[in-house]
Amino acid sequence: MRKILSTILLTSAFASAALCQEFEAVSVKPNKSMSGSSRSHSDQGLYSGTNLSLKNLITTAYDIKDYQVEGPDWLASERFDITARFPAELPKDRDKYQAAFTAMMQKMLADRFKLAVHRDQKTFSVYGLTVGKAGPKFKEVPGGQSRSNGDDNHYQGNAITMAKFAEFLSRRMDLPVIDMTGLTQSYDLTLDWVPEPKQSDKSNEPAEIVGVTLTEALQDQLGLKLENRKAPIGILIVDHAEKVPTEN
C-alpha cells in the first residue's frame, strides 16, 4: 500500500515538473475502419498511433493499466488515428523523459478531448508476489541501467526491481501482480517455463502440460510465489470526455 502510494506521488512529482512540455503539433482523426487491431510507436521525433481507443490513449498518458480506467463504455469503442510531433529538446534521463511524455499526452487529451479525470482507489483481487519459505534464489546487484526481455516461456532481467518484475508477470497472469516481497534493491533474474495451453477445441479436457508452469518456475527457480490477495490499487475515473476531438 505504502509503495503504491509512493509510486503515484513520485509519478505526479515528475509530471508536475514536466507540465511546460507539450507536443509541437498534433493531428487526431476518427478511425472508422472497424479493424480489431491497433498499434502505436515513437520514431524520429513522432508519436503515432492507428485505431487507438481513447482508453488506450488514457492508459498511455497516465502510465496505468486498462483495468485502472473507469468511465463510459465508448472510451473503448470509439477509435482514432493520432500523430504528434515531439519538441526539439526532451530530457535524456529515462524517468524525466517518461514524465515529459506523459505530461504532453495528458495536455493533448485535455486540449483535444476536453478530458477531465480524478484519482481514487479500488480494491481488486490480485496476486501478491511474495518470497517463499526458503528465501529468494537470486542475488542483489548494484543498481543502474536496467534491462529486460521476455516472451511466452523465458524472462531475462538485469538490475531489475521486484516492482518491474511484477509488471512483467501481470502481463502473463489473469490478475494484476503486486510486489509484496519486501525486496527493495535491484536483482538479476532468469526464468524459464512452459506456457499453459488453452483448452483443446475437440475436448473438454485441458491439454497436457509438459514442463514447469510459470507459477511453478517462480518457486523452483527464483524462490518466489504468487498468493491470492486483495489490494487497493489506484484508479482513474473519467469525469468528462468528448467523443469528437477538436479540429486539427
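Tracing side-chain contacts under 4.5 Å through hydrophobic residues (I, L, V, M, F, W, Y), one never reaches L222 starting from V141; they form parts of separate clusters. M105 and L46 fall into different hydrophobic clusters, where Ile, Leu, Val, Met, Phe, Trp and Tyr residues are linked whenever their side-chain heavy atoms come under 4.5 Å apart, directly or through other members. In the hydrophobic clustering of ILVMFWY residues, with side-chain heavy atoms under 4.5 Å counting as a link, Y67 and V126 come out together.
Of the possible polar contacts, none joining the N153 side chain to the D192 backbone as a donor-acceptor pair under 3.5 Å is found. Distance alone, capped at 3.5 Å, places no donor-acceptor pair between the S48 side chain and the T83 backbone. Looking only at distances, a side-chain donor or acceptor of E216 sits under 3.5 Å from a matching main-chain atom of T213. For the pair Q106 (side chain) and A61 (backbone), a donor-acceptor distance under 3.5 Å is present. K225 places no side-chain N or O within 3.5 Å of a backbone atom of T215 that could act as its donor or acceptor partner. Formation of a donor-acceptor pair under 3.5 Å by the Q221 side chain with backbone atoms of L218 is not found in this model. Between the D179 side chain and the M162 main chain, no donor and acceptor come within less than 3.5 Å of each other. Checking side-chain atoms of R39 against main-chain N and O of N51 turns up no donor-acceptor pair under 3.5 Å. Using a distance-only test at 3.5 Å, with no hydrogens or angles considered, no donor-acceptor pair links the side chain of W74 to the main chain of L54.
For the pair D63/Q98, a side-chain contact is recorded, criterion being any heavy-atom separation below 4.5 Å from C-beta on. In this structure, the side chains of K32 and E78 come closer than 4.5 Å at one or more pairs of heavy atoms. Under the 4.5 Å side-chain criterion, counting only non-hydrogen atoms from C-beta, V28 is not in contact with D81. Residues M173 and L214 form a side-chain contact, since some pair of their non-hydrogen atoms from C-beta on lies under 4.5 Å apart. By the 4.5 Å heavy-atom criterion applied to side chains, V26 and R112 are counted as neighbours. Contact annotation: the side chain of K55 never approaches that of S77 to less than 4.5 Å [non-hydrogen atoms, C-beta and beyond].
Counting heavy-atom neighbours within 6.0 Å of D151 CG, excluding the residue itself, gives a total above 12. Counting non-hydrogen atoms of other residues, nucleotides and ligands closer than 6.0 Å to CZ of R172 gives a total above 12. The 12-atom threshold is exceeded at NZ of K137, counting heavy atoms of other residues, nucleotides or ligands nearer than 6.0 Å.
For the atom pair CG (L224) and OG1 (T181), the distance works out to 7.0 Å, reported to the nearest 0.5 Å. For the atom pair N149 CG and N158 CG, the distance stands at 8.5 Å (nearest 0.5 Å). Rounding to the nearest 0.5 Å gives a distance of 6.5 Å between CZ of F113 and CE of M108. To the nearest 0.5 angstrom, N228 atom CG is 7.0 Å from L175 atom CG. For the atom pair OG1 of T50 and NZ of K29, the computed distance is 11.5 Å after rounding to the nearest 0.5 Å. Rounded to the nearest 0.5 angstrom, R119 CZ and Q68 CD are separated by 9.0 Å.
Of all non-hydrogen atoms in A99 and T102, the two that sit nearest each other are O-OG1, 3.0 Å. G157 and S148 get closest at one heavy-atom pair: CA-CB, 4.0 Å. When all heavy atoms of S186 and P142 are compared, the pair lying nearest together is CB-O, 4.4 Å. Looking at every heavy atom in both residues, Y187 comes nearest to T184 through OH-N, 3.6 Å. The two residues D188 and A159 have their closest heavy-atom pair at OD1-N, 2.9 Å. A88 approaches E24 most closely through the heavy-atom pair N-OE2, 3.5 Å.
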* To do: Go through the steps for L129 and L169 under the test side-chain contact (heavy atoms from CB on, under 4.5 Å), then give the verdict.
  => CA-CA 9 Å; L129 180 65; L169 294 175; 3.9 Å; yes
* Asked: Do F80 and L52 pass the side-chain contact (heavy atoms from CB on, under 4.5 Å) test, and can you show the C-alpha distance, the side-chain angles, and the key distance before you say yes or no?
  -> CA-CA 5 Å; F80 305 91; L52 298 177; 5.6 Å; no
* **Worked check of side-chain contact (heavy atoms from CB on, under 4.5 Å) between L109 and L57** => CA-CA 8 Å; L109 293 178; L57 294 170; 4.0 Å; yes
* Take V131 and M180 through the side-chain contact (heavy atoms from CB on, under 4.5 Å) test and state the conclusion after the steps. => CA-CA 8 Å; V131 179; M180 298 181 179; over 6 Å; no
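Under the side chain to side chain contact (heavy atoms under 4.5 Å, CB included) rule, I58 has a single partner from V238, V117, D66, which is V238.
Take Y155 and apply the ring pair (Phe, Tyr, Trp, His ring centres under 6.0 Å) test, not counting sequence neighbours, and it matches F165, F168. Taking Y97 as the reference, nothing meets the ring pair (Phe, Tyr, Trp, His ring centres under 6.0 Å) condition, with sequence neighbours excluded.
The list of salt bridge (Lys or Arg N to Asp or Glu O under 4.0 Å) pairs with a residue in residues 228-248, not counting sequence neighbours, reads E227-R229.
Using a cut-off of 4.0 Å between Lys/Arg side-chain N and Asp/Glu carboxylate O, E22 and K107 are scored as salt-bridged.
Donor-acceptor pairing under 3.5 Å is lacking for the side chains of R79 and S53.
The aromatic rings of F23 and F86 are tilted relative to each other, their planes meeting at an angle between 30° and 60°.
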